[in-house]
**Student:** 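Supplied in structure tokens, the structure appears directly below.
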Amino acid sequence: MANDDEREALLGPDDGLSSSRRSGATTAGGPRQKIKSLYESDQVLGRHSPYRAEDEAINICGGGAANSLQILSEADHIVAVFVVAFDTKAGNVIEWKLPEDVDLDGIEFKAMTSGSHTLKTDFVYFRKSNLFGLACFENMPVTNASERGARMKSVGILATSYTLLYRHMQFLETQVKQLMRGRMDISETRDNGSIDSTDRHQLERPYRYDQLKAFWEDKKGVLPPGECSSITTQTISMVASANDIKVLPAELKVTHPAHCFSQFIQFFGHQVFVLWKFSLLGKRILFFSPPPIGVVCYRVYCCCCLASHSMHRLLSSAGVKPHFYINIADIDNLESEMSYIACTTEKIFETKTHLYDVYVDNQIVTTPSDSLKDLLKISDADRDKFQKLNNQRNQEQFLREQIGDETLDEEDVFTSFFMEQNNRLFQTLLDVSLSQDRQLMSDHMKSMGLDPIGDRAFLMELVETYGIDVMLMVDNPCCPN
């Protein structure tokens with residue numbers, strides 16, 4: 001989090017809703033320098049500062065598809081920055097945005113989620129068409145009558161992928177706090193008898209977006225229409241490297257709080273491998289939870305990681321689509337989706353069983369599909385894999401401590417385990433499909449980490465989903481060899 005000095009009022013006069021003046025953004029000590037200082041002081045994520053003073057407009061198309069994918073994994077490619085506020089008469093509204101002509105219809109209900117009025121702070125990842133967003137929310141109590149006791153705002157960004165959204169979270173958190181204080185009610189301040197020159201300046205100019213404008217000038221991505229629009233539809237399957245199974249694909253990289261992955265494992269326990277199966281099958285998975293939604297967005301992310309593998313060139317599946325937060329406005333779009341992983345705070349989705357295959361209410365995993373109910377059962381092989389995952393984590397932690405490094409990268413442990421598991425599974429299936437008899441026996445299933453009996457239904461659906469031509473010849477459990 002930024003310190004108190006960094007959270008002082010925005011610098012310099014501004015002209016309301018108009019675009020920022022370039023000269024104002026480049027002067028010494030101006031908003032751009034404030035942005036740089038915020039990034040340089042970022043100790044929360046333990047990452048190097050992403051700020052580069054020489055950055056100007058970024059053309060994410062570059063030259064050719066390969067270059068485009070490389071740039072997407074390394075450069076900022078933000079296409080909009082915005083502020084959402086709650087108005088007592090109009091509800092959620094877009095208070096300010098850049099560029100001014102960008103279509104953000106509906107984003108006011110993504111950036112300020114249903115039920116957020118019960119929280120003080122939160123954050124949310126979301127998707128709008130083929131773009132991804134991150135917004136930070138704050139709710140501050142006030143005593144003036146016009147705001148009915150509460151002031152609520154969200155500051156967010158929209159980008160062509162979610163690869164690098166994480167590194168702007170601290171900036172967004174700081175901006176929403178500054179905007180909240182910038183609208184201090186003059187009657188409240190007068191009653192307290194503490195109007196100084198800074199307070200007066202904030203009160204006289206309540207809507208001030210200097211730093212957000214400077215941020216936009218530094219980080220904006222140029223997205224020409226047509227030829228590059230297809231880049232935004234990337235899924236996990238397009239970015240995994242066949243030669244690098246221990247590194248999570250850059251497109252999937254999202255920052256997470258400490259112990260996010262271990263908490264995911266502890267929260268779901270053995271059911272992690274139930275979610276693993278549904279993820280590999282490309283099912284429509286919907287997580288429900290009351291607010292806050294930020295931690296549930298991380299569950300979406302972790303669930304996507306379960307399906308990571310590097311066999312995409314040999315398989316027909318399109319991969320996992322993370323949608324992150326969704327609301328009732330997404331219902332029409334979800335009706336045409338064949339595969340996704342998302343989360344919501346709106347309980348009404350539970351009754352819309354045609355929109356999902358798997359419904360996760362906190363720790364309770366259910367399915368409305370009779371054909372999938374067998375997959376909810378935890379097999380003996382699932383228990384074995386769960387134990388191996390924990391053992392691998394403990395072993396890695398021990399090795400780190402032996403060399404004096406107590407910082408365990410749980411993301412690498414988590415994703416490498418599932419990527420290796422999935423690669424072994426698919427490689428075995430492909431090898432059998434190329435054999436003369438194409439017969440998949442019990443020994444094959446055991447080598448893939450599957451239960452020959454308990455995982456039969458899963459395997460049959462898996463080979464059908466990926467178009468792998470094998471014949472399942474599992475021994476009869478009544479007549480063991």
Side-chain angles (χ1 to χ4, degrees), residues 44-48 73 125 162-167 169 236-237 239-280 285 287 294-312 319-320 322 341 360 363 365 378-379 381-428 447-450:
V44 176
L45 302 177
R47 300 181 185 267
H48 297 295
S73 67
Y125 283 88
Y162 52 93
T163 308
L164 299 178
L165 290 176
Y166 71 87
R167 64 186 194 180
M169 185 177 289
I236 299 169
S237 64
V239 294
S241 168
N243 298 319
D244 192 4
I245 66 172
K246 289 197 174 184
V247 178
L248 187 67
E251 177 68 14
L252 191 58
K253 208 80 171 178
V254 175
T255 190
H256 50 81
H259 311 301
C260 169
F261 288 92
S262 63
Q263 289 176 3
F264 181 76
I265 296 295
Q266 293 170 9
F267 187 76
F268 287 107
H270 294 101
Q271 288 188 111
V272 162
F273 288 95
V274 173
L275 295 173
W276 166 68
K277 294 171 189 177
F278 287 127
S279 298
L280 275 181
I285 303 174
F287 289 83
V295 67
V296 192
C297 289
Y298 288 139
R299 290 175 194 164
V300 171
Y301 167 52
C302 290
C303 195
C304 287
C305 294
L306 300 178
S308 299
H309 62 85
S310 59
M311 310 289 290
H312 306 285
V320 180
I341 303 178
V360 186
Q363 294 170 298
V365 183
I378 298 170
S379 68
D382 293 334
R383 295 182 178 89
D384 290 341
K385 289 193 291 289
F386 186 78
Q387 186 63 48
K388 289 178 182 177
L389 175 58
N390 283 323
N391 290 344
Q392 183 168 316
R393 180 191 179 280
N394 293 336
Q395 181 180 10
E396 185 67 24
Q397 181 69 59
F398 175 77
L399 293 175
R400 294 277 182 175
E401 292 174 353
Q402 290 295 102
I403 61 175
D405 181 6
E406 297 183 0
T407 304
L408 176 64
D409 190 337
E410 294 184 346
E411 184 172 14
D412 282 349
V413 173
F414 183 90
T415 54
S416 64
F417 176 90
F418 281 97
M419 189 170 283
E420 290 170 358
Q421 165 66 40
N422 297 339
N423 283 349
R424 183 170 67 254
L425 186 155
F426 285 123
Q427 189 62 62
T428 301
S447 71
M448 293 186 290
L450 299 179

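Note that the coordinates shown come from a computational prediction; the quantities given were computed from them, not determined experimentally.
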**Student:** For Phe417 and Lys385, work out which heavy atoms get closest and say how close.
**Tutor:** CZ-O, 3.5 Å
**Student:** Is any side-chain heavy atom of Phe414 closer than 4.5 Å to a side-chain heavy atom of Ile265?
**Tutor:** yes
**Student:** Return yes if some donor-acceptor pair links the side-chain N/O of Asp384 with the main-chain N/O of Ala381 below 3.5 Å, else return no.
**Tutor:** no
**Student:** Apply side chain to side chain contact (heavy atoms under 4.5 Å, CB included) to the pair Leu306 and Cys303, showing each step before the final yes or no.
**Tutor:** CA-CA 5 Å; Leu306 300 178; Cys303 195; 4.2 Å; yes
**Student:** Do Ile378 and Phe273 have side chains that get closer than 4.5 Å, going by heavy atoms?
**Tutor:** no
**Student:** Please lay out, stage by stage, how Trp276 and Asn422 fare under the test side-chain hydrogen bond (donor to acceptor under 3.5 Å, both in side chains).
**Tutor:** CA-CA 10 Å; Trp276 166 68; Asn422 297 339; 2.7 Å; yes
**Student:** If you compare all heavy atoms of Gln271 against all heavy atoms of Val365, which two are closest, and at what distance to 0.1 Å?
**Tutor:** OE1-CG2, 3.6 Å
**Student:** From the options Tyr166, Phe261, Tyr162, Tyr125, select the one residue that forms a ring pair (Phe, Tyr, Trp, His ring centres under 6.0 Å) with Tyr301.
**Tutor:** Phe261
**Student:** Provide the closest heavy-atom pair for Val413 versus Glu396 in the form atom of the first, atom of the second, distance.
**Tutor:** CG2-CG, 3.7 Å
**Student:** Within the structure provided, determine whether Phe418 and Val272 are in side-chain contact (heavy-atom separation under 4.5 Å).
**Tutor:** yes
**Student:** Is the shortest side-chain heavy-atom distance between Leu275 and Phe264 below 4.5 Å?
**Tutor:** yes
**Student:** Does Thr428 have any side-chain hydrogen bond (donor to acceptor under 3.5 Å, both in side chains) partners at least two apart in sequence or in another chain, and if so, which?
**Tutor:** none
**Student:** Can you see which heavy atom on Met169 is nearest to which on Tyr298, and at what distance?
**Tutor:** CE-OH, 4.0 Å
**Student:** With sequence neighbours left out, what residues match Gln421 under side-chain hydrogen bond (donor to acceptor under 3.5 Å, both in side chains)?
**Tutor:** Arg424
